[in-house]
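A short write-up of the structure that comes next.
The figures that follow rest on heavy atoms only: side chains count, while hydrogens, waters and symmetry mates do not.
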Amino acid sequence: MTKPNHILTLITTALILLLAACGGGATSSSQPTPTNEEARPTRTPRPAGNATSPTSTPTTAAPTTSGGTTTEKPPVLSTNTDLSGLGNVRIEMKMEGTAQESGKDAEPFNLLLQQIILTNGDRSLTIESTSPESGLVRITSVQIGGQVYQYVEDSNQPYCLAMGNIDLFSESMLTPDALIGSLSDAQLVERGVQVNGFTTDRYTFTMSEQTANYQGQTKGEIWAAQDPAVVVRHIGELTGTITGIAMEEGETPLPGQLSNIRWEYNVTQLTANTGITLPETCAQQQAAGADIPLPTNISNRVQMGDLISFETTDSPDKIVSFYQTEMVAQGWQAGEVSQYGSDYQLSFSKNGRDVSILVSVADNKTSVIILLASS
C-alpha cells in the first residue's frame with residue numbers, strides 16, 4: 001500500500017488516520033510497529049481561518065400554529081449529534097465530486113463512510129475511497145468486546161491489525177456539517193414522513209456563498225426527527241468549490257480544494273439482534289493467537305498476521321519468567337532460551353507450530369515481539 005496523497009487527505013481525515021496506522025502504508029511483508037495506545041483520530045476536515053461557514057439564504061418564516069401567532073421552535077438541523085442513545089443504528093455518508101491538489105489536475109473521487117453503533121458497545125467503521133490514482137481502498141475498523149481490529153483492502157494483499165485500548169471511532173464520521181456547516185434556516189415542505197425507521201419532517205435549503213473558503217451554491221433536502229431530535233437523512237449538492245481545508249482549527253490549510261460535491265447522509269435504525277462480525281482474515285488471525293498469553297501490564301499492543309508486539313514497564317526478567325510459566329500452562333513445550341545482556345530470545349513449540357519470543361529494553365520500557373510460525 002502506498003502512502004496516500006493529498007487528494008485523499010482532502011477527502012477525509014479519517015482515511016488518513018487509518019492509513020497512517022499502517023506505518024504510512026506497508027506492503028504485506030512489512031513488520032508493524034507498536035502504535036500509541038493514547039492516539040486519537042483528528043477531526044474531519046473543515047474550512048480553516050476565520051471565515052464563517054456558509055449561511056442559508058433567506059427563506060420563508062418558520063411554521064406557525066393554526067392561530068398564526070406563535071412561532072414553532074426550529075428543529076435540530078445539525079448532523080453533529082450524539083447518536084449513541086438511539087439504540088442500534090447505522091450512519092452512512094456517501095460523497096462524490098472532484099478533488100484537486102495545487103499545481104495538479106483535478107481528479108474525480110467517490111467516498112463511502114459507514115458506521116454501525118450497537119447498544120452493547122460494539123461498533124464498526126468502514127471507509128471506502130475510489131480515485132484514479134489510488135484505485136479502491138477499503139478500511140474496516142471493528143470494535144468487539146473492547147478489542148479493536150483494522151482490516152485493510154487495497155491493491156496489495158489484504159491484512160488485519162489488532163490493537164488494544166485505541167479509540168478509532170471518536171469524531172471519525174465525515175458529515176454534511178463538516179463540509180458546509182450547520183444550517184440555521186430551512187423551508188418546511190412536508191410533515192410525518194417515514195424515513196429509515198423514524199418519523200420525520202422534510203425541509204429544503206439553499207445557500208449561496210462567496211468567501212475565501214467557499215465559492216458557489218449549495219442546495220438540498222433534510223429529513224429531521226423531533227423525538228428523538230436527530231437528522232435522519234441529508235442530501236445535497238455543492239456547485240462550486242471549498243478551499244482552505246484544515247485538519248484542526250488554527251492549522252495551516254491543505255494545498256487543494258474540493259469541487260462540485262454531491263452527498264447523501266442517512267441514519268438508519270437497526271434491529272435489536274444486530275451483531276457485528278469480524279472479517280475472515282481478522283477472525284483467522286485472532287484464532288491463531290488465542291493460546292498466546294499476554295501479561296496484564298502492557299501497552300501499544302499490536303497483532304498483524306503472525307506477529308504480536310507490545311511494551312511493558314515490567315522488567316525483562318519478569319517477562320521471561322511469565323512466558324516460561326504461562327506458555328507451558330497453555331500446552332506449549334519450552335525450547336532454548338538465549339540471553340544477550342538484557343535481551344532474551346525464548347522458543348516454544350506445540351502441534352507443529354513454533355513460537356519465538358524476543359524480549360529487549362528500549363527507552364526504559366521492555367519491548368516484546370512474538371513470532372508465530374508453522375513447522
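- Looking at every heavy atom in both residues, Met163 comes nearest to Gln147 through O-NE2, 2.7 Å.
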Any chance you could lay out the side chain to side chain contact (heavy atoms under 4.5 Å, CB included) test for Lys94 and Glu92, step after step, and finish with the verdict? CA-CA 7 Å; Lys94 297 178 182 179; Glu92 188 173 81; 3.2 Å; yes
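- Looking at Gln269 and Asn88, their side chains never bring a donor and an acceptor atom within 3.5 Å of each other.
- Not one N or O on the side chain of Ser356 forms a donor-acceptor pair closer than 3.5 Å with the backbone of Leu371.
- Between the CG atom in Leu346 and the CH2 atom in Trp332 there is a gap of 13.0 Å [rounded to 0.5 Å].
- In the hydrophobic clustering of ILVMFWY residues, with side-chain heavy atoms under 4.5 Å counting as a link, Phe322 and Val320 come out together.
- Linking Ile, Leu, Val, Met, Phe, Trp and Tyr whenever their side-chain heavy atoms come within less than 4.5 Å leaves Met93 and Ile116 in two separate clusters.
- With contacts defined as side-chain heavy-atom distances shorter than 4.5 Å, the pair Val355/Ile292 qualifies.
- Checking side-chain atoms of Ser360 against main-chain N and O of Asp343 turns up no donor-acceptor pair under 3.5 Å.
- Criterion: ILVMFWY side-chain heavy atoms under 4.5 Å apart, direct or through other members. Under it, Phe205 and Val231 are part of a common hydrophobic cluster.
- Annotation for Val195 and Thr200: closest pair CG2-OG1, 3.9 Å, computed over non-hydrogen atoms.
- Heavy atoms from other residues, nucleotides or ligands lying under 6.0 Å from CD of Gln333 number 12 at most.
- Contact detail for Phe348 and Ala334: the closest heavy-atom pair is CD2-CA, 3.5 Å.
- Side-chain N or O atoms of Tyr323 include one that pairs as donor or acceptor with a backbone N or O of Pro293 at under 3.5 Å.
- One finds a salt bridge joining Asp291 and Arg353 here, because a Lys/Arg side-chain nitrogen approaches an Asp/Glu carboxylate oxygen to under 4.0 Å.
- Neither side chain, Glu326 nor Gln330, offers a donor N or O lying under 3.5 Å from an acceptor on the other.
- When atom types are taken as modelled, the side chain of Gln303 and the backbone of Gln285 share a donor-acceptor pair closer than 3.5 angstrom.
- A donor-acceptor contact closer than 3.5 angstrom is absent between the side chains of Asn110 and Ser129.
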Could you give me the CA-CA distance, side-chain angles and deciding distance for Asp122 and Gln143, then say whether side chain to side chain donor-acceptor pair (under 3.5 Å) is met? CA-CA 5 Å; Asp122 293 349; Gln143 176 179 301; 5.9 Å; no
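- Counted by atom type alone, Thr271 and Asn273 present one or more donor-acceptor pairs between their side chains at under 3.5 Å.
- Without hydrogens or angle criteria, Lys350 side chain to Met327 main chain gives no donor-acceptor distance under 3.5 Å.
- Distance check: Arg123 CZ to Ile91 CD1 gives 8.5 Å after rounding to the nearest 0.5 Å.
- Using a 4.5 Å heavy-atom threshold, the side chains of Val302 and Phe310 count as separate.
- A donor atom on one side chain and an acceptor atom on the other are found under 3.5 Å apart for Tyr149 and Gln286.
- Between Gln115 and Thr126 the shortest side-chain heavy-atom distance does not fall below 4.5 Å.
- Salt bridge Glu264/Arg233: present, at least one basic N to carboxylate O contact under 4.0 Å.
- Legend: residues meeting salt bridge (charged side-chain N to carboxylate O under 4.0 Å, His left out) with Arg202, ordered by chain and number and at least two apart, are Glu190, Glu221.
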Are Thr140 and Val152 close enough, and set up right, to give a side chain to side chain contact (heavy atoms under 4.5 Å, CB included), and what steps lead you there? CA-CA 6 Å; Thr140 302; Val152 180; over 6 Å; no
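- Closest heavy-atom contact between Asp177 and Ser78: OD2-OG, 2.7 Å.
- Proximity of a side-chain donor or acceptor of Asn196 to a complementary backbone N or O of Val267 within less than 3.5 Å is detected.
- One side chain, Gln194 or Thr199, offers a donor N or O that lies under 3.5 Å from an acceptor on the other.
- Closest of all the heavy-atom pairs between Leu238 and Trp263 is N-CZ3, 3.8 Å.
- Under the 4.5 Å side-chain heavy-atom criterion for ILVMFWY residues, no single connected hydrophobic cluster contains both Val89 and Leu112.
- Side-chain polar atoms of Glu311 and Asn300 form a donor-acceptor pair below 3.5 angstrom.
- Counting non-hydrogen atoms of other residues, nucleotides and ligands closer than 6.0 Å to CD of Glu336 gives a total of 12 or fewer.
- The shortest distance between side-chain heavy atoms of Leu307 and Ser309 falls below 4.5 Å.
- His234 and Tyr203 have their aromatic ring centers separated by at least 6.0 angstrom.
- Atoms OG and CD, on Ser347 and Gln345 in that order, are 7.0 Å from each other to the nearest 0.5 Å.
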Chi angles and distances behind the side chain to side chain donor-acceptor pair (under 3.5 Å) call for Asn260, Thr239: CA-CA 5 Å; Asn260 299 330; Thr239 304; 5.1 Å; no
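- In this structure, the separation between OH on Tyr265 and CD1 on Ile235 is 14.5 Å, given to the nearest 0.5 Å.
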Please step through side chain to side chain contact (heavy atoms under 4.5 Å, CB included) for the pair Val193 and Asp201, ending with a clear verdict. CA-CA 6 Å; Val193 184; Asp201 298 331; over 6 Å; no
Side chain to side chain donor-acceptor pair (under 3.5 Å) between Asp82 and Ser84: does it pass, once the steps are laid out? CA-CA 6 Å; Asp82 182 9; Ser84 59; 2.8 Å; yes
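- Contact annotation: the side chain of Pro228 approaches that of Leu86 to within less than 4.5 Å [non-hydrogen atoms, C-beta and beyond].
- Note that the CD1 atom of Ile276 and the CD1 atom of Ile144 stand 6.5 Å from one another [nearest 0.5 Å].
- Listed here is the closest heavy atom pair of Ala288 and Leu372: O-CD2, 3.4 Å.
- Using modelled atom types and a 3.5 Å distance limit, the side chains of Thr241 and Gln215 yield a donor-acceptor pair.
- Taking the side chain as every heavy atom from C-beta outward, Glu107 and Thr98 never approach each other to under 4.5 Å.
- Atoms CD1 and OG, on Ile319 and Ser367 in that order, are 10.5 Å from each other to the nearest 0.5 Å.
- Cluster annotation: Leu270 is connected to Val142 through the hydrophobic network of ILVMFWY side chains, with a link wherever side-chain heavy atoms come within less than 4.5 Å.
- Residues Pro158 and Tyr151 meet the side-chain proximity criterion, which asks for heavy atoms closer than 4.5 Å.
- Put simply, the side chain of Thr366 does not reach to within 4.5 Å of the side chain of Asp314, judged on heavy atoms.
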